Number of protein chains: 2
Amino acid sequence: MAFYKISAFSRLGQVSVKALRLYDQRGLLTPARVDPETSYRYYKVEQLHRLHRILALKAMGLSLEQIGQLLNDNLSPEQMQAMLKVKQAELKQQLVEGQRRLQTITAHLKHVKEEHTMPNYDVILKAVEPVSHVLSIRETIPAYTAVGTLLTELVDHLAQQQAQPQGPAASIWHDIEYKEQDVDAEAIIVVSNAVTGTDRIQIKTLPALEQVAAVIHRGPYSTLNQAYGAIIHWIEESGFQVTGPNREIYLQGGAEQDNVNYVTELQFPVAKVVA
Amino acid sequence: MAFYKISAFSRLGQVSVKALRLYDQRGLLTPARVDPETSYRYYKVEQLHRLHRILALKAMGLSLEQIGQLLNDNLSPEQMQAMLKVKQAELKQQLVEGQRRLQTITAHLKHVKEEHTMPNYDVILKAVEPVSHVLSIRETIPAYTAVGTLLTELVDHLAQQQAQPQGPAASIWHDIEYKEQDVDAEAIIVVSNAVTGTDRIQIKTLPALEQVAAVIHRGPYSTLNQAYGAIIHWIEESGFQVTGPNREIYLQGGAEQDNVNYVTELQFPVAKVVA
DNA sequence: TAAACACCCTGCCCTAAGGGCAGAGTCAAG
DNA sequence: CTTGACTCTGCCCTTAGGGCAGGGTGTTTA
């Protein structure tokens with residue numbers, strides 16, 4: 001019977017006045033009466049029911065627009081189900097995301113506590129696009145460092161064809177476990193479409209990687225093992241698992257062994273361990 | 001050595017150009033060189049390291065401003081720790097929130113599947129402020145419905161003092177378990193400061209409730225049990241526990257038993273069950 | 001050498017759900 | 001009739017960029 005003015009109603013419903021005005025504007029909760037002269041909004045107690053429904057849906061994470069659809073466009077039960085299911089999947093996804101955030105920050109915190117500095121290596125997760133038209137040699141070589149000769153071979157091949165590399169050189173290590181010798185290695189250089197291969201030197205496309213853990217290393221190759229240590233540690237600690245050969249990208253590099261300005265990116269394809 | 005233009009660098013770092021410009025503007029990642037004539041931004045590979053750190057911190061949920069503090073205002077390890085701890089607590093909180101959302105939506109989804117409608121009662125969680133200056137009678141009464149006589153007693157007392165109620169009437173049920181008879185009940189009416197009490201009728205302040213599950217019932221008191229059923233069910237299903245006496249607020253009510261326009265709010269103080 | 005094309009710059013408007021404020025009008029009590 | 005408490009609309013603000021317009025650059029090709 002009685003009409004409530006907006007602030008009285010907002011107290012009843014524990015919502016801010018500003019929110020009520022917004023819900024009115026978006027068509028979620030129109031006041032029972034609006035004075036045409038003064039534009040004052042007057043609500044009835046019965047509307048608390050609707051307000052509660054709005055708040056309940058909001059507490060599930062639905063947007064005002066979605067709530068409007070549910071409340072106004074009176075959908076079929078199937079449509080409601082579909083909508084809620086989509087949202088449910090979204091929420092599950094967000095939970096996983098949140099757990100990852102928490103794990104990452106906890107690891108960082110631990111590092112700061114123990115070492116009193118931020119970690120030297122920042123591992124990030126990302127996706128890697130496929131890379132088309134790369135020159136590749138794959139071979140079992142006696143030791144990691146020998147990949148240099150494979151790369152020189154590629155560079156020489158390029159020089160013969162008067163072509164330039166189109167991107168940084170890289171190598172791919174196909175052994176999943178760590179090996180000191182007889183390493184299954186692949187040397188890579190991105191080239192333009194015009195370049196041709198040979199029996200030994202193939203033209204191929206590097207597959208995309210859905211999710212990699214990546215780290216940037218600055219300094220000579222002799223200290224790369226620190227970066228490897230950090231990334232492997234991170235992967236284990238974060239509940240991931242290596243799912244394929246890892247890549248080493250020489251963003252800034254060359255033939256010298258000890259250049260402190262070299263920059264290398266390490267990429268390990270990973271997936272969440274299913275517990 | 002080589003400088004990269006913004007889009008080349010953005011490809012290296014897997015970040016959008018727009019983001020790089022933003023990071024520049026916010027002082028997170030200033031290009032190695034900016035041409036003073038053209039304002040072109042030129043980056044060096046070494047800066048990937050810093051970019052990775054930014055992305056890593058972002059992946060933990062820190063805001064750009066916080067990242068800026070961590071990177072630029074070189075804080076003491078203690079300050080870093082404090083900052084990360086705050087964020088960690090925030091993330092934990094968000095996780096709990098997310099789990100609640102998910103539970104709620106799952107319950108709704110189940111209801112839609114089984115009944116092909118949205119639930120009739122929308123339970124929401126909220127905080128309740130303390131209510132000062134209320135008139136109260138507490139007594140053991142033979143049955144729920146007898147609370148009406150207590151309320152009439154309060155209303156009569158008000159009338160004697162020529163005063164008006166300042167808000168809706170309510171009752172509080174102090175028995176935590178369900179009882180059919182000999183119920184420990186309290187009748188409540190909010191009044192202005194001027195009103196005085198008696199031996200039997202006390203003036204008191206209702207305590208705040210940190211977290212209540214609340215539901216709005218529309219219809220006669222005889223159907224209130226449906227609302228009770230719904231809210232109790234919700235509380236159990238959502239992993240909460242009733243922690244105190246529940247309140248019944250007669251937002252729109254009166255002495256008749258069967259008025260379909262009555263509106264009543266039920267409030268149960270709750271807390272998350274510690275598993 | 002000029003045009004074509006790819007790239008870069010700044011600046012403006014947009015997002016979701018309101019919060020804060022200004023200026024003007026309205027309601028209820030004394 | 002005045003005062004104080006409310007209410008109205010309208011504008012700007014928040015995050016982390018996305019999208020676009022208009023104008024300037026850099027490199028390559030005819």
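Only a predicted model underlies this, so the values are computations on that prediction, with no experimental measurement involved. Letters A, B, ... are given to chains in the order of the sequence lines, protein chains preceding strands, and every chain is numbered from 1. For the numbers below, each heavy atom of this structure counts, side chains included, while hydrogens, waters and symmetry mates do not.
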Residues which pass ring-ring contact (aromatic ring centres under 6.0 Å, His included) with B:Y250, listed by chain and number, not counting sequence neighbours: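 If we apply the ring-ring contact (aromatic ring centres under 6.0 Å, His included) test to B:Y250, skipping adjacent residues, the hits are B:Y221.
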
Going by atom types only, do B:E46 and A:Q252 share a side-chain donor-acceptor pair under 3.5 Å?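 Judged by distance alone, the side chains do pair up.
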
Considering only [options], which nucleotide approaches the side chain of [X] most closely?
| X | options | value |
| --- | --- | --- |
| A:D35 | C:dG18, C:dC9, C:dC27 | C:dC27 |
| A:T38 | C:dC27, C:dG18, D:dA16 | C:dC27 |
| B:Y40 | C:dG19, D:dT9, C:dC9 | C:dC9 |
| B:S39 | C:dT10, C:dC27, D:dA16 | C:dT10 |

Exercise answer: donor-acceptor pairs, residues 121-131 of chain B side-chain atoms, under 3.5 Å, sequence neighbours excluded:
unit_1: B:Y121; atom_1: OH; unit_2: B:H217; atom_2: ND1; d: 2.9
unit_1: B:D122; atom_1: OD1; unit_2: A:R53; atom_2: NE; d: 3.2
unit_1: B:D122; atom_1: OD2; unit_2: A:R53; atom_2: NE; d: 2.7
unit_1: B:D122; atom_1: OD2; unit_2: A:R53; atom_2: NH2; d: 3.2
unit_1: B:K126; atom_1: NZ; unit_2: B:E265; atom_2: OE2; d: 2.7

Closest heavy-atom pair and its distance - A:L64, A:L28: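 Smallest interatomic distance, heavy atoms only, reads O-CD2, 3.7 Å.
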
Below the 4.0 Å mark, does [N] have OP1 or OP2 next to a side-chain nitrogen or oxygen of [X]?
| X | N | value |
| --- | --- | --- |
| A:S16 | C:dG19 | yes |
| B:Y42 | C:dC8 | no |
| B:R41 | C:dT10 | yes |

Quick one: [X] [atom1] to [N] [atom2], roughly how many Å, whole number?
| X | N | atom1 | atom2 | result |
| --- | --- | --- | --- | --- |
| A:Q25 | C:dG19 | CD | P | 14 Å |
| A:K5 | C:dA28 | NZ | C1' | 7 Å |
| A:D24 | C:dA17 | CG | P | 16 Å |

Does atom CD of A:E237 have more than 12 heavy-atom neighbours from other groups under 6.0 Å away?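 Yes, because the 6.0 Å sphere around CD of A:E237 holds more than 12 heavy atoms from other groups.
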
Atom CD of residue position A:E210 - does it have more than 12 heavy atoms of other residues, nucleotides or ligands inside 6.0 Å?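 Counting neighbours around CD of A:E210, 12 or fewer heavy atoms of other residues, nucleotides or ligands fall under 6.0 Å, so no.
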
Please tabulate, one pair per line, each protein N/O and nucleotide N/O from nucleotides 19-22 of chain D that are separated by under 3.5 Å, including the distance.
unit_1: D:dG19; atom_1: N7; unit_2: B:K18; atom_2: NZ; d: 3.1
unit_1: D:dG19; atom_1: O6; unit_2: B:K18; atom_2: NZ; d: 2.4

